[in-house]
Chemist: 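Questions regarding the structure given below will be posed in turn.
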Amino acid sequence: DDDDVVDDDDTTPPPDDDDSTPIGDDDDTTPPPDDDDSTPPADDDDAAPGFCTGFDVVASESEPNDDVNSITDIITSLDGTVTVFGTASSCSNDGNTWTGDREYLEIEFGCADEAQATLYWTSTNTDMDLQVADASDGTIIDSAVTASTVSPESFAFDLPGSILVGILCWEGPTNAAWELEIAF
């Protein structure tokens, strides 16, 4: 009948839905988690991956400067958070790149999801930097490389599964303590 206020030939814009199904069905303009069906959020019919929880984590350290004692502890929790504690045996640079302690950790996750990488330190006058790369090909995913002695350095990124994390000390005292957290 084309002239009523509900069917698809009227002038009412979405979320009128352009059919006789009530508001909330998949013809409206609401983005996920609207779900594109009649099940209320968080039915999660969108393409976003599920959260990483309760997975196994494998971490290994590589040392370009042969300081094998700088990682002091690696903790994983059931919610998927990985926390790594360590120290930078030396902090220095040549004006263009890091020349002191450079920690590189490969962390293998059994899932892919959005994550937050945060590097904390407590030493004053210390400038630490953080990089995350895809472990499969070494492509830098993101980095927090700022000229700042203010902790923390942090960024959100799409976790591809296994990552290579660089903890880099630009300047600061010997044995500056740091803490890295990868959380979901």
Side-chain angles (χ1 to χ4, degrees), residues 44 46-184:
D44 203 25
D46 60 34
F51 288 105
C52 291
T53 58
F55 55 88
D56 292 329
V57 174
V58 177
S60 61
E61 178 183 11
S62 64
E63 284 294 334
N65 55 359
D66 299 318
D67 180 11
V68 296
N69 298 314
S70 51
I71 301 295
T72 58
D73 202 2
I74 299 173
I75 299 170
T76 60
S77 65
L78 290 179
D79 70 356
T81 301
V82 175
T83 307
V84 182
F85 298 90
T87 58
S89 61
S90 65
C91 297
S92 61
N93 66 84
D94 64 7
N96 293 311
T97 193
W98 303 270
T99 57
D101 193 13
R102 294 166 287 158
E103 299 299 326
Y104 292 96
L105 298 161
E106 183 171 348
I107 305 175
E108 186 177 317
F109 292 90
C111 60
D113 206 337
E114 289 184 16
Q116 181 78 25
T118 306
L119 178 64
Y120 303 93
W121 64 92
T122 57
S123 301
T124 57
N125 300 320
T126 301
D127 181 0
M128 299 195 88
D129 299 307
L130 175 64
Q131 290 183 333
V132 172
D134 187 324
S136 66
D137 62 10
T139 304
I140 300 290
I141 295 170
D142 208 339
S143 60
V145 181
T146 59
S148 174
T149 59
V150 178
S151 175
E153 295 274 11
S154 184
F155 54 84
F157 67 101
D158 289 329
L159 175 73
S162 294
I163 55 174
L164 184 63
V165 181
I167 298 131
L168 313 161
C169 194
W170 185 259
E171 65 182 351
T174 301
N175 296 321
W178 53 263
E179 176 184 332
L180 169 69
E181 181 180 84
I182 307 288
F184 302 95

Chemist: Let me check something: any side-chain donor-acceptor pairs from residues 176-184 under 3.5 Å, sequence neighbours excluded? List them with distances.
Modeler:
none

Chemist: Which donor-acceptor pairs under 3.5 Å do side chains of residues 159-172 form with protein atoms, sequence neighbours excluded?
Modeler:
none

Chemist: With sequence neighbours excluded, what pairs up with T146 under the side-chain contact (heavy atoms from CB on, under 4.5 Å) test?
Modeler: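 Residues passing side-chain contact (heavy atoms from CB on, under 4.5 Å) with T146: S148, E153.
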
Chemist: To the nearest 0.5 Å, tell me how far R102 CZ sits from Q131 CD.
Modeler: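 Going from the CZ atom of R102 to the CD atom of Q131 covers 11.0 Å.
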
Chemist: Atom CD1 in I141, atom CZ in F157: separation rounded to 0.5 Å?
Modeler: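 Going from CD1 on I141 over to CZ on F157, the span is 6.0 Å.
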
Chemist: Atom OG1 in T81, atom CD in Q116: separation rounded to 0.5 Å?
Modeler: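 Rounded to the nearest 0.5 Å, the OG1-CD separation comes out at 11.0 Å.
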
Chemist: Enumerate the disulfide bond (SG atoms under 2.5 Å apart) contacts for residues 123-167, please, sequence neighbours excluded, ordered by first and then second residue.
Modeler: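 Residue pairs passing disulfide bond (SG atoms under 2.5 Å apart), neighbours aside: none found.
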
Chemist: Which residues pass the side chain to side chain donor-acceptor pair (under 3.5 Å) test with T83, not counting sequence neighbours?
Modeler: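 With sequence neighbours excluded, T83 shows a side chain to side chain donor-acceptor pair (under 3.5 Å) to no residue whatsoever.
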
Chemist: I'd like to check W98 versus V145 (side-chain heavy atoms, cut-off strictly below 4.5 Å). Are they in contact?
Modeler: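 Sidechains of V145 and W98: in contact.
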
Chemist: Tell me if a side-chain donor or acceptor on T149 pairs with a main-chain N or O of T126 at a distance below 3.5 Å.
Modeler: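 Not a single qualifying donor-acceptor pair exists.
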
Chemist: Would you check if the side chain of S151 reaches a backbone N or O of W121 as a donor-acceptor pair within less than 3.5 Å?
Modeler: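 Looks like yes, one N/O pair under 3.5 Å.
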
Chemist: Closest heavy-atom contact between P173 and S123?
Modeler: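 In terms of heavy atoms, the two residues are closest at CG-CB, 3.9 Å.
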
Chemist: Taking only residues two or more places apart in sequence or in another chain, which ones pass side-chain contact (heavy atoms from CB on, under 4.5 Å) with D94?
Modeler: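 D94 satisfies side-chain contact (heavy atoms from CB on, under 4.5 Å) with N96, T97, T99 only.
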
Chemist: According to side chain to side chain donor-acceptor pair (under 3.5 Å), who are the partners of T139, at least two apart in sequence or on a separate chain?
Modeler: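 D137.
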
Chemist: With heavy-atom distances below 4.5 Å as the criterion, would you say the side chains of S154 and L119 are in contact?
Modeler: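 S154 vs L119: side chains apart.
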
Chemist: Could you please spell out the steps behind the side-chain contact (heavy atoms from CB on, under 4.5 Å) verdict for V132 and S143?
Modeler: CA-CA 6 Å; V132 172; S143 60; over 6 Å; no

Chemist: Who are the side chain to side chain donor-acceptor pair (under 3.5 Å) partners of D134, not counting sequence neighbours?
Modeler: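 With neighbours one apart ignored, the set is S136.
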
Chemist: Who pairs with T174 by side chain to side chain donor-acceptor pair (under 3.5 Å), at least two apart in sequence or on another chain?
Modeler: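 If we apply the side chain to side chain donor-acceptor pair (under 3.5 Å) test to T174, skipping adjacent residues, there are no hits.
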
Chemist: So which atom in P152 and which in T118 form the shortest heavy-atom distance, rounded to 0.1 Å?
Modeler: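 Between these two residues, the closest heavy atoms are CB-CG2, 3.7 Å.
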
